[in-house]
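Shown next, in structure tokens, is the structure this report addresses.
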Protein chains: 2
Amino acid sequence: MPQESQQQAPRQTRQTQQREEERAGAGAVEVAVDADVMAFIERFAAQLVEAGMPRMPSRVFAALLVSPDGALSSAALADQLQISPAAVSGAVRYLAQAGLILRERDPGSRRELYRLHNDQWFETFTNREHMLVRWESTLRTGVYSVGEDSDAGRRLAETAAFFEFLQRELTGMMERWRVYRTTL
Amino acid sequence: MPQESQQQAPRQTRQTQQREEERAGAGAVEVAVDADVMAFIERFAAQLVEAGMPRMPSRVFAALLVSPDGALSSAALADQLQISPAAVSGAVRYLAQAGLILRERDPGSRRELYRLHNDQWFETFTNREHMLVRWESTLRTGVYSVGEDSDAGRRLAETAAFFEFLQRELTGMMERWRVYRTTL
DNA sequence: CGTGAACTTCACAAATTTCTGAAGACAGCG
DNA sequence: CGCTGTCTTCAGAAATTTGTGAAGTTCACG
């Protein structure tokens, strides 16, 4: 991938297109979002889907990621993504459960805000610790079932060892990331 | 063509795990597999599915993993897993494409053998290099779209940096694994 | 307390995925 | 050459997943 650092062209044009269809009329909730940004949302969401996240949660999450404050209301999400309130509700439940967003509510308001849970969402997203544990556990049972002195047993045992190794490595890796990111 | 007059027997559910019975006749291909091992296959396959692999490829792969030689014929797979030859064909195509198995054919035989590609299948399975590259690339575009001096831009940029970091780390990690595994 | 805004739940329709039977293609063998 | 065993392709049935409309619930506020 190209390494572009030096001559960053004066690119402010992107941020200035923010008002295509702002209704002058009664309290329009919608904040028109740049077509480029919408395209990114869909592209990013598609990759989340590919990684296993359901479609609506992916789109909602992507929209939150590029939102100025990292937070949007239910209505804003429904409007921007052209989906029903029910779809927003489902997506938001999924994301909250996954620990990726937080539900906020201004006291004395019926309106909820959904906010990115922290600025390190990808740590949550890539955290597969519990999965690795289960893989290892399943595999160890398998070793027992096929007999540990068989070829199959040795295959499974090595796989289990790999997942055990992975668990240790990933922990260390995240520590290195936290250090590294302060240098960015 | 609707076949309503034909009294279609109730669809055999996949859950009904029929006991593998050795046919008395000569040349029975099937090798009865222990119920414990079958249970492991299904459990392991379920975890592969959870990780994103389609059901049939997962089951086929699991069956190969616990097979004595790490290889089975199409017929053996169909029989053991109670699936149609078509399903085996599809699963095997998927697995070969993914680089997890190898197709073998004894010269002068019409029968194919599917063999685990190597004893380090999990290296292949966990190799997400290309994915990471695409994530990073998508994210960099996003930074550009939202403007790199916005909050959203900084969020995306940090995420991109994380995926770049991951790419480097995973490479090193696999090297450490190869060293470590020789000590097992 | 009643009203209505805002979110949630539910049942169903639509879209998608998955597996099967059946026909097809390919290759060894008589 | 044609037969037969083995794998592949294909159309369609079944199951599953998804998203919507509409009814239900909750709660701030009058």
Side-chain angles (χ1 to χ4, degrees), chain A residues 26-27 29-30 42 45-46 48-50 52-61 71-97 101-115, chain B residues 1-16 25-30 45-46 48-50 52-60 71-97 101-115:
Chain A
V29 180
E30 59 237 72
E42 294 305 331
L48 285 171
V49 168
E50 200 178 348
M53 190 182 291
R55 185 166 163 63
M56 287 296 125
S58 298
R59 301 217 297 149
V60 165
F61 186 75
L72 291 170
S73 71
S74 177
L77 285 166
D79 178 66
Q80 182 178 334
L81 300 174
Q82 299 282 324
I83 60 183
S84 70
V88 174
S89 177
V92 148
R93 174 150 39 93
Y94 180 98
L95 292 170
Q97 168 64 33
I101 68 170
L102 233 44
R103 316 165 82 115
E104 300 185 349
R105 189 162 215 156
D106 297 326
S109 166
R110 270 151 284 144
R111 187 153 217 156
E112 247 176 3
L113 256 201
Y114 306 113
R115 180 177 303 283
Chain B
M1 178 185 190
Q3 43 185 150
E4 82 259 328
S5 56
Q6 290 268 0
Q7 189 57 9
Q8 193 62 305
R11 290 215 111 33
Q12 57 182 53
T13 64
R14 313 192 228 319
Q15 291 89 339
T16 345
V29 181
E30 58 241 68
L48 285 170
V49 168
E50 200 179 347
M53 190 183 289
R55 188 161 259 101
M56 287 297 125
S58 299
R59 301 217 297 150
V60 165
L72 291 170
S73 70
S74 175
L77 285 166
D79 179 66
Q80 182 177 335
L81 301 174
Q82 298 284 315
I83 59 182
S84 71
V88 174
S89 178
V92 147
R93 174 149 39 92
Y94 179 99
L95 292 170
Q97 168 63 33
I101 68 169
L102 233 44
R103 316 166 81 115
E104 301 186 348
R105 190 163 215 154
D106 298 325
S109 165
R110 269 149 285 149
R111 188 152 216 158
E112 244 174 7
L113 257 201
Y114 306 113
R115 180 177 301 284

side-chain contact (heavy atoms from CB on, under 4.5 Å) between B/Tyr114 and B/Leu77, worked out: CA-CA 9 Å; B/Tyr114 306 113; B/Leu77 285 166; 3.9 Å; yes

Provide, to the nearest angstrom, the distance between the [atom1] atom belonging to [X] and the [atom2] atom belonging to [N].
{"X": "B/Arg111", "N": "C/dC29", "atom1": "CZ", "atom2": "P", "answer": "14 Å"}
{"X": "B/Leu77", "N": "D/dC7", "atom1": "CG", "atom2": "C1'", "answer": "13 Å"}
{"X": "B/Leu72", "N": "D/dC7", "atom1": "CG", "atom2": "P", "answer": "12 Å"}
{"X": "B/Arg59", "N": "C/dT20", "atom1": "CZ", "atom2": "C1'", "answer": "14 Å"}
{"X": "A/Tyr114", "N": "C/dA6", "atom1": "OH", "atom2": "C1'", "answer": "9 Å"}
{"X": "A/Asp79", "N": "C/dC7", "atom1": "CG", "atom2": "P", "answer": "13 Å"}
{"X": "B/Gln97", "N": "D/dT8", "atom1": "CD", "atom2": "C1'", "answer": "16 Å"}
{"X": "A/Ile101", "N": "C/dC7", "atom1": "CD1", "atom2": "C1'", "answer": "13 Å"}

Pairwise distance CZ(B/Arg55) to CG(B/Leu48) - rounded to 0.5 angstrom: 11.5 Å

Separation between CZ of B/Arg110 and OG of B/Ser74, rounded to the nearest 0.5 Å: 14.0 Å

Nucleotides 15-17 of chain C: which of its N/O atoms have a protein N/O under 3.5 Å away?
none

Touch class at under 4.0 angstrom, heavy-atom based, for B/Ser74 against every strand present: sugar-phosphate

For nucleotides 17-20 of chain D, give me every protein contact, N/O to N/O, under 3.5 Å, one pair per line with atom names.
{"unit_1": "D/dT20", "atom_1": "OP2", "unit_2": "A/Ser84", "atom_2": "N", "d": "3.2"}
{"unit_1": "D/dT20", "atom_1": "OP2", "unit_2": "A/Ser84", "atom_2": "OG", "d": "2.9"}

List, one per line, each side-chain donor-acceptor pair under 3.5 Å for residues 85-93 of chain A, sequence neighbours excluded.
none

A/Tyr94 and A/Met53, any side-chain heavy atoms less than 4.5 Å apart: yes

Ring pair (Phe, Tyr, Trp, His ring centres under 6.0 Å) partners for A/Phe61, two or more places apart: A/Trp121

A/Arg115: salt bridge (Lys or Arg N to Asp or Glu O under 4.0 Å) partners, not counting sequence neighbours: A/Glu104

Side chain to side chain contact (heavy atoms under 4.5 Å, CB included) against B/Ala45, all qualifying residues, sequence neighbours excluded: B/Ser58, B/Arg59, B/Ala62

Inter-end axis angle, the helix from C/dC1-D/dG30 to C/dG30-D/dC1, with every axis fitted to five base pairs (rounded, 10 degrees): 0°

B/Ala71 versus B/Leu113, closest heavy-atom pair with distance: CB-CD1, 4.3 Å

Least distance between heavy atoms, A/Arg105 atom then A/Ser109 atom: NE-O, 3.3 Å

Atom pairs, protein N/O to nucleotides 27-30 of chain D N/O, distance under 3.5 Å:
{"unit_1": "D/dA28", "atom_1": "O3'", "unit_2": "A/Gly108", "atom_2": "O", "d": "3.3"}
{"unit_1": "D/dC29", "atom_1": "OP1", "unit_2": "A/Gly108", "atom_2": "O", "d": "3.1"}

